[in-house]
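In what follows, chains carry the letters A, B, and so on, assigned in the order in which the sequence lines appear, proteins first and then strands, with residues in each chain numbered from 1.
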Protein chains: 2
Amino acid sequence: MPTIIDVAREAGVSFKTVSRVFTGEAHVRAETRDKVRAAAARIGYEVNPAARALRSKAPRRVALLLNNPSLSYSQSTQIGALLATQKLGSQLVIVESLAALQEFSGLKGVVACPPLSNDLAVTTYLHASGLPFVRVGAERISDLGDKIGIDDRCAARDMTEYLIELGHKRIAFINGDPQFDVSRRRRAGFEDAMSHAGFSKYAQIVSGSFSYESGLKAAEDLLSSETIPTAIFAANDEMASACLAVAYKRNLRVPDQLTVVGFDDSPVSRAIYPALTTIRQGLKELVRDAFMLLSDRLSGDDVPFHDIVHQHELIIRDSAGPPPKEMVRND
Amino acid sequence: MPTIIDVAREAGVSFKTVSRVFTGEAHVRAETRDKVRAAAARIGYEVNPAARALRSKAPRRVALLLNNPSLSYSQSTQIGALLATQKLGSQLVIVESLAALQEFSGLKGVVACPPLSNDLAVTTYLHASGLPFVRVGAERISDLGDKIGIDDRCAARDMTEYLIELGHKRIAFINGDPQFDVSRRRRAGFEDAMSHAGFSKYAQIVSGSFSYESGLKAAEDLLSSETIPTAIFAANDEMASACLAVAYKRNLRVPDQLTVVGFDDSPVSRAIYPALTTIRQGLKELVRDAFMLLSDRLSGDDVPFHDIVHQHELIIRDSAGPPPKEMVRND
DNA sequence: TTGAAAGCGGTACCAC
DNA sequence: GTGGTACCGCTTTCAA
C-alpha cells in the first residue's frame with residue numbers, strides 16, 4: 001500500500017505537497033496538483049484514514065441529512081452511510097432537518113437524501129455555506145452540488161412495460177407525494193409506457209404520500225370504482241403493501257385477480273404475502289457511493305459536478321401475474 | 001483526552017506496560033495489570049482507535065454471525081454492529097453461517113445473533129477455537145461466552161398482562177419457531193400471565209416460524225375456529241402484521257373487534273395500519289453493547305462471563321383495545 | 001516481566 | 001507556492 005512518500009517520489013515533489021493536495025488546501029499550483037493526482041492514480045494511492053484521523057485536530061465530520069417517512073428506506077440509507085464513513089475514517093452525524101444541520105459546527109460535508117435533497121431551501125443553504133454536498137435521488141432543481149441516483153423514470157417505465165407484457169391494459173399508478181421530485185419522475189415513466197402502448201385512456205393515476213395509510217386510501221378509491229384496474233403499480237413498497245391489505249378485504253386474490261407491484265425492494269416487500277414484485281435501487285450502495293463522492297470533493301477536486309446514475313433492477317416475485325381472463329375481453 | 005502516557009504516570013509504570021495491558025498481551029503480572037486498569041478508569045482513559053489502527057499490523061477484525069429470517073431484524077442488527085465497530089476502530093465482517101465463519105482467518109472475536117447464537121455447534125466451535133465471543137439473545141444452552149439480551153419471558157408476560165388489563169380473556173399466542181430458544185421464553189411468559197390470571201383454559205397457542213407466511217396460516221387457523229380469541233399476541237411483528245391481513249379479509253376491524261399485538265418494534269410495526277402495539281427490545285443498542293463487551297474481552301479481561309440483561313419496553317400504539325362488549329359476557 | 005527507542009502515515013506550524 | 005521539522009497515540013522490536 002503506497003504512502004504519500006511514494007506519491008511524492010513518483011510526482012517529483014515533497015511529500016508535504018502531496019498532503020496539501022489531498023487535504024484540498026488552497027495554495028497549490030493547479031499544475032502541481034494535477035501532477036500529484038496523476039502520480040497517485042498511477043500507483044494506486046489511497047489516503048489512510050487512521051493516520052489522518054490521528055493527526056488532524058478537527059475530525060472529518062460529515063452529515064447525513066435524512067428525514068424520510070419510510071423507515072426501511074431510512075435504515076438502508078443509514079447502513080450505506082455507516083459503511084462508507086467507516087471506510088473513509090470520517091465521523092458521521094445524522095440530522096433530520098436543515099435547522100439541525102445548521103446547529104452543527106465543524107461539518108466538512110453533507111449527503112442529502114429525499115425528500116430533503118430536493119428542497120430548494122436546503123440546496124440554497126448548502127450552496128451558500130460553501131459546504132460540499134451530494135444529493136441522492138435528486139432532480140435538477142438546480143445544478144448545484146453532485147448528484148447520484150437511479151433513473152426513476154426509466155425504472156417506472158420498465159415496470160409498466162413488464163405489466164403490459166403480462167397482458168395488463170387497465171393499469172393504475174399510485175403516486176407518491178407529488179411534492180417529491182421522485183414522484184414526478186416515476187409518474188412520467190408510467191405515462192411513457194402507457195402512451196407508448198396506446199393505453200393512455202386505460203391509465204388511472206391517484207396520489208398518495210409514500211405512507212401505508214395513504215396507500216390504503218388510494219387503493220380503496222381504485223378498487224371501489226366502476227371499472228377497477230387489473231394491475232396497480234405503487235410508487236413505493238409501503239403503499240403496495242397497503243394495496244394488498246385492501247385487496248384481501250375485498251376478497252381479491254393477488255395475483256390471480258389483481259396484480260400489485262411496488263418500488264424500492266424494501267424489507268417489507270419480502271415480509272408480506274404475496275412477496276412483492278418491485279424495483280430494486282440498491283439504496284445502500286447508492287448512499288455509500290454518495291459518501292465516496294463527497295470524500296473526493298472534500299479532497300479539493302475542482303472538477304464539474306457529477307451526476308451519477310446507478311442501474312436499477314426489476315425484481316420479479318409473486319404479486320404480479322396475467323390479468324384474469326374475463327377482464328381482458330371486457331373493456 | 002488522556003493517553004497511555006497519562007495512565008502510565010497515574011499507575012507508576014511505563015507507558016509500554018499500559019499498552020500491554022490494553023492489547024491483552026500475556027506477559028503482565030496480574031497485580032500490575034489491575035493497577036493499570038484502575039488508573040485508567042480513574043482518569044477516564046479510552047484507547048484511541050485511530051492510533052491503534054495506524055500502528056498495528058493485523059487489523060482488529062471481528063465478525064457478526066447473523067442469519068435471521070427477519071430482514072428488519074437483520075438491518076437493525078447491522079446498524080448496531082456498524083456503529084460499535086466504527087467507534088472501536090475495528091473491522092467488521094458479516095457472515096451467515098458457521099462454515100463461512102471458519103473460512104475467515106485472522107478473526108479476533110465474534111458476536112452471534114439468534115438463531116445461530118443458540119446453535120450448539122456454533123457455541124462449541126467458538127469455545128474450542130478459543131475465540132472470544134458474545135451471544136445475543138441467547139439461552140443458557142451452556143455457560144460458555146458472554147451473553148446479552150432482554151428478559152424475553154418477562155417481556156411476554158408484560159404484554160399479556162397488558163392485554164388482560166384491557167379486559168381480554170380469550171387470548172391467543174402465535175409462537176415463533178419452537179426450535180428457537182427465544183420462542184420458548186416468550187411462550188413461557190405468555191403462559192405465566194395467563195395462569196396467574198386464572199385464564200389458562202382460555203389460552204390458545206399455535207406455532208409459526210417468525211415469517212409472515214407462517215403468521216398468515218396461524219391467524220387463519222385461529223380466526224376460523226369455533227370460539228375466536230379477542231386478542232392475538234404474535235411473537236414478532238411480521239406475524240402480527242400477517243394477523244392484520246387476515247383480520248381484514250374476514251372483516252374484523254382492528255382493534256374494535258380484534259386486538260393484535262407484536263414483538264420487536266420493527267419498522268413494519270409502524271408501516272402498517274393500524275400501527276402495532278409491540279415490545280421494543282432496542283436491538284441496535286443491544287448489538288452495539290455486544291461489540292463493546294467483546295472489545296473488553298479482547299483487551300484481555302479475564303473476568304467471569306457476563307450475562308447482561310437490557311430493559312424492554314411496552315410500546316402502545318393503535319392495534320390493541322378492549323374486547324368487544326358482546327364477547328366479554330359470552331364465554 | 002518490564003522498559004527504551006523507533007516508527008506507523010499522515011498533518012500542523014513554521015521557515016524559505 | 002513549497003519544503004522541513006515536530007509530533008499525533010499507539011504498537012513493534014529489541015534490549016535489560
Whole-Å distance, Phe22(A) CZ to dT2(D) P, equals 15 Å
Any side-chain heavy atom of Phe180(A) sitting closer than 4.5 Å to one from Asn118(A)?
no
Between CZ of Arg9(B) and C1' of dG3(C) the distance, given in whole Å, is 17 Å
In whole angstroms, the gap separating C1' of dA5(C) from CD1 of Ile4(B) amounts to 14 Å
Looking at Arg20(A) and dG1(D), is any side-chain donor or acceptor paired with a base atom of the opposite kind under 3.5 Å? no
Of the candidates dT11(D), dG10(C), dA4(C), the side chain of Arg55(B) sits closest to dT11(D)
Does Ser56(A) have a side-chain nitrogen or oxygen under 4.0 Å from the phosphate oxygens OP1 or OP2 of dT11(C)? no
* Does some side-chain heavy atom of Leu83(B) sit less than 4.5 Å from a side-chain heavy atom of Leu82(A)? -> yes
- With a 4.0 Å cut-off on heavy atoms, is Glu31(A) in touch with a base, just the backbone sugar-phosphate, or nothing at all? nothing
Item to check | Residue-phosphate contact under 4.0 Å: Arg52(B) side-chain N/O, dT11(D) OP1/OP2 | outcome: yes
In whole angstroms, the gap separating P of dC8(D) from CG of Asn48(B) amounts to 12 Å
Ranking Val28(B) and Met1(A) by the position along DNA chain C of their nearest nucleotide, the one closer to 5' is Val28(B)
- Is the shortest heavy-atom distance from the side chain of Thr3(A) to the side chain of Phe15(A) under 4.5 Å? no
(message) Please determine whether the number of non-hydrogen atoms from other residues, nucleotides or ligands lying under 6.0 Å from atom CD of Gln102(A) exceeds 12.
(response) yes
Practice item. Taking only the side-chain nitrogens and oxygens of Thr17(A), find out if one of them lies under 4.0 Å from OP1 or OP2 of dG3(D). Key: yes
**Message:** Looking at dG9(D), I'd like to know if its phosphate oxygens (OP1 or OP2) sit under 4.0 Å from a side-chain N or O belonging to Ser19(B).
**Reply:** no
Of dG3(D), dG9(C), dT5(D), the nucleotide closest to the side chain of Phe15(A) is dT5(D)
Here the distance between atom P of dA6(D) and atom CG of Leu54(A), to the nearest Å, is 18 Å
Ile5(B) atom CD1 is separated from dA4(C) atom P, nearest whole Å, by 12 Å
| request: Decide yes or no on side chain to side chain contact (heavy atoms under 4.5 Å, CB included) for Asp119(A) and Leu98(A), but give the supporting numbers first. | output: CA-CA 10 Å; Asp119(A) 185 304; Leu98(A) 180 56; 5.9 Å; no
Practice problem: Check whether NZ of the Lys or CZ of the Arg Arg37(A) lies under 6.0 Å from the centre of the six-membered ring of Phe22(A) and within 45 degrees of that ring's axis. | Solution: yes
In whole angstroms, the gap separating C1' of dA4(C) from NZ of Lys16(B) amounts to 11 Å
Rounded to whole Å, CZ of Arg60(B) lies from C1' of dC10(D) at a distance of 12 Å
Between Thr3(B) and dG9(D), does any side-chain N or O lie under 4.0 Å from OP1 or OP2? no
With five pairs defining each end axis, the helix from dT1(C)-dA16(D) to dC16(C)-dG1(D) comes out bent, to 10°, by 30°
Inspect the contact between Arg9(B) and Asp6(B) and indicate whether a charged nitrogen and a carboxylate oxygen are less than 4.0 angstrom apart.
yes
Requested in this report: Flag the pair Tyr125(B) / Leu101(B) as yes when at least one side-chain heavy-atom distance between them is below 4.5 Å, and no otherwise.
Outcome: yes
